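Beneath this line is the structure, given in structure tokens, with notes to follow.
Just so it is clear, the structure is predicted and the values come from calculations on it, not from any experiment.
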Amino acid sequence: MKRGACIASVLAALVALVLIVTLPIVLTRNSQSGDAGNESAVSSQDESVLQSTPLPTRAQQKSPAPTNAPVSPPVVLSFTLTSPPATDSPTTPDAPFAPTDAPMKGRPRPGFDDLIAAAPPLAEPDESGEGCERMYGCRKDWGGDRMGHDAAFRPGEAVCSRQGAQYMFGLDENGRLLWADCTTSEERVYYDPDDDADVAIFVMRDDASFEIYNEDGQIVWQADCECKDEVMFYSQCLPSQGLDCPYIHLRKGSKAMLNYINWDYSWITADVHKNYNF
């Protein structure tokens with residue numbers, strides 16, 4: 001009996017020893033198997049996510065600019081507009097004006113006798129003067145370089161430019177209507193009377209037409225303005241000179257410019273040499 005009990009005790013000890021040795025190994029293998037399964041599940045889930053997410057384009061693959069990079073300030077271009085120098089362009093206004101009354105047409109015109117009666121004393125050449133003043137009677141009304149409408153100019157009378165009186169526009173002693181440069185002797189003759197024509201006066205009317213009368217009060221020559229707008233009377237368009245429109249301004253740059261107001265209350269200038277049917 002004692003011998004049997006001793007064998008049983010030894011067997012029990014051996015079984016316990018086996019269990020002590022083998023149980024941790026089994027548990028470790030089970031744990032590794034479970035971790036492998038979880039890793040597989042995670043890998044499958046990540047792949048699904050990657051498949052549903054579009055791949056970045058080549059441009060998107062570029063490294064983004066650092067957010068703390070300095071930003072260049074915008075370039076500001078600055079410039080100043082300057083007005084061109086004043087010229088004798090036909091679009092250059094002669095002077096500013098404030099529109100008051102509307103332009104008028106069909107006004108009664110003074111006849112030949114009235115024109116003669118309203119004319120100032122005959123202007124004579126001035127030998128002590130400058131330029132054209134020595135050869136023509138340069139009229140001094142309206143500033144000396146302007147010619148009003150319905151104003152009679154007799155042979156030898158003209159308007160002369162300022163600052164040396166280099167240019168003239170009017171009648172010479174022979175009754176020719178002309179523009180002249182008294183420094184270079186250049187002339188532009190617009191009317192040359194016949195030998196039997198006795199010129200009395202030259203006048204511009206309020207529609208800007210030119211008329212030349214003989215001593216009998218008859219019109220011997222006429223020229224109309226081929227202006228882009230109808231020319232009509234306008235009261236005191238240049239009050240500083242007491243002038244009504246239309247009038248002619250002989251500019252110091254040589255051009256004889258017609259000035260008038262149209263129906264739109266715009267100030268119009270036209271080169272006499274280019275806008276009449278001479």
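Other members of the cluster containing Ile116 are Phe112, Leu115, Ile201, Val203, Tyr213, Ile219, with ILVMFWY side chains joined at under 4.5 Å, either directly or via other members.
Using a 4.5 Å cut-off on side-chain heavy atoms (C-beta onward), Lys228 and Ile268 make contact. Residues Ile248 and Arg146 are not in side-chain contact: their nearest non-hydrogen atoms beyond the backbone lie 4.5 Å or more apart.
The structure places NZ of Lys252 at 9.5 Å from CZ of Arg162, a figure rounded to the nearest 0.5 Å. For the atom pair CZ (Arg154) and CG (Leu171), the distance works out to 10.5 Å, reported to the nearest 0.5 Å. Here the CD-SG distance, from Glu230 to Cys225, works out to 11.5 Å after rounding to the nearest 0.5 Å. Glu211 contributes atom CD, which lies 9.0 Å from atom CG of Asp224 (distance to the nearest 0.5 angstrom). Of the inter-residue distances, the one linking Gln163 atom CD with Asp145 atom CG reads 10.0 Å to the nearest 0.5 angstrom.
Listed for the Gln241 side chain is a donor-acceptor partner under 3.5 Å among the backbone atoms of Gly143. The main-chain N or O of Gln166 is found under 3.5 Å from a side-chain atom of Ser161 such that the two form a donor-acceptor pair.
For Phe153, there are no ring pair (Phe, Tyr, Trp, His ring centres under 6.0 Å) partners two or more places apart in sequence or in a different chain. Residues that satisfy the side chain to side chain contact (heavy atoms under 4.5 Å, CB included) test with Asp264, not counting sequence neighbours, are Asn262, Ser266. Looking at residues two or more places apart in sequence or on another chain, you find no side-chain hydrogen bond (donor to acceptor under 3.5 Å, both in side chains) involving Ser240. Looking at residues two or more places apart in sequence or on another chain, you find a side-chain hydrogen bond (donor to acceptor under 3.5 Å, both in side chains) between Ser209 and Asp207. Remark: Asp206 pairs with Arg107, Arg109 by the salt bridge (Lys or Arg N to Asp or Glu O under 4.0 Å) rule, at least two apart or across chains. Among residues two or more places apart in sequence or in another chain, the salt bridge (Lys or Arg N to Asp or Glu O under 4.0 Å) test is passed with Asp150 by Arg205. Looking at residues two or more places apart in sequence or on another chain, you find no salt bridge (Lys or Arg N to Asp or Glu O under 4.0 Å) involving Asp114. Under the salt bridge (Lys or Arg N to Asp or Glu O under 4.0 Å) criterion, Arg176 pairs with Asp172, Glu187, sequence neighbours left out.
Residues Tyr234 and Tyr260 place their aromatic rings such that the two centres sit no closer than 6.0 Å.
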Practice task
Could you check Val272 against Met257 for side chain to side chain contact (heavy atoms under 4.5 Å, CB included), going step by step and ending with a plain yes or no?
Solution key: CA-CA 6 Å; Val272 169; Met257 305 297 296; over 6 Å; no
Problem - Chi angles and distances behind the side chain to side chain contact (heavy atoms under 4.5 Å, CB included) call for Phe169, Met147 - result: CA-CA 9 Å; Phe169 176 76; Met147 175 187 292; 3.9 Å; yes
Problem - Derivation and outcome, side chain to side chain contact (heavy atoms under 4.5 Å, CB included), residues Asn214 and Val199 - result: CA-CA 4 Å; Asn214 63 14; Val199 173; over 6 Å; no
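For the pair Asn259 and Cys245, the tightest heavy-atom approach, listed with the atom from each and the gap, is O-SG, 3.9 Å. Residues Leu250 and Ser254 approach most closely at CD1-O, 3.6 Å, considering heavy atoms. Gly175 and Pro193 make their closest contact through O-CD, 3.7 Å (heavy atoms, listed as atom of the first residue, atom of the second, distance). Closest approach of Cys182 to Gly131, counting heavy atoms only: CB-C, 4.0 Å. Taking both residues in full, the closest heavy atoms of Leu178 and Met168 are given as O-SD, 3.7 Å, listed atom of the first, atom of the second, then distance. Smallest separation of non-hydrogen atoms from Tyr247 and Cys237: CE2-SG, 3.9 Å.
Of the two cysteines examined, Cys138 and Cys160, the SG atoms meet the criterion of being under 2.5 Å apart.
For residues 118-145, no pair satisfies ring pair (Phe, Tyr, Trp, His ring centres under 6.0 Å), with sequence neighbours left out. Among residues at least two apart or in separate chains, ring pair (Phe, Tyr, Trp, His ring centres under 6.0 Å) pairs with a member in residues 176-201 are Tyr167-Trp179, Tyr190-His273, Tyr190-Phe278, Tyr191-Trp221. Applying the salt bridge (Lys or Arg N to Asp or Glu O under 4.0 Å) test to every pair with at least one member in residues 127-140, sequence neighbours left out, gives these pairs: Glu133-Lys140, Arg139-Asp141, Arg139-Glu157.
The cluster map of Ile, Leu, Val, Met, Phe, Trp and Tyr, joined by side-chain heavy atoms under 4.5 Å apart, puts Val189 and Val220 in different clusters.
Counting only N and O atoms by type, the side chains of Asp229 and Trp263 include no donor and acceptor under 3.5 Å apart. His149 and Asp244 are not linked by any side-chain donor-acceptor pair at a separation below 3.5 angstrom, with hydrogens and angles left out of the test.
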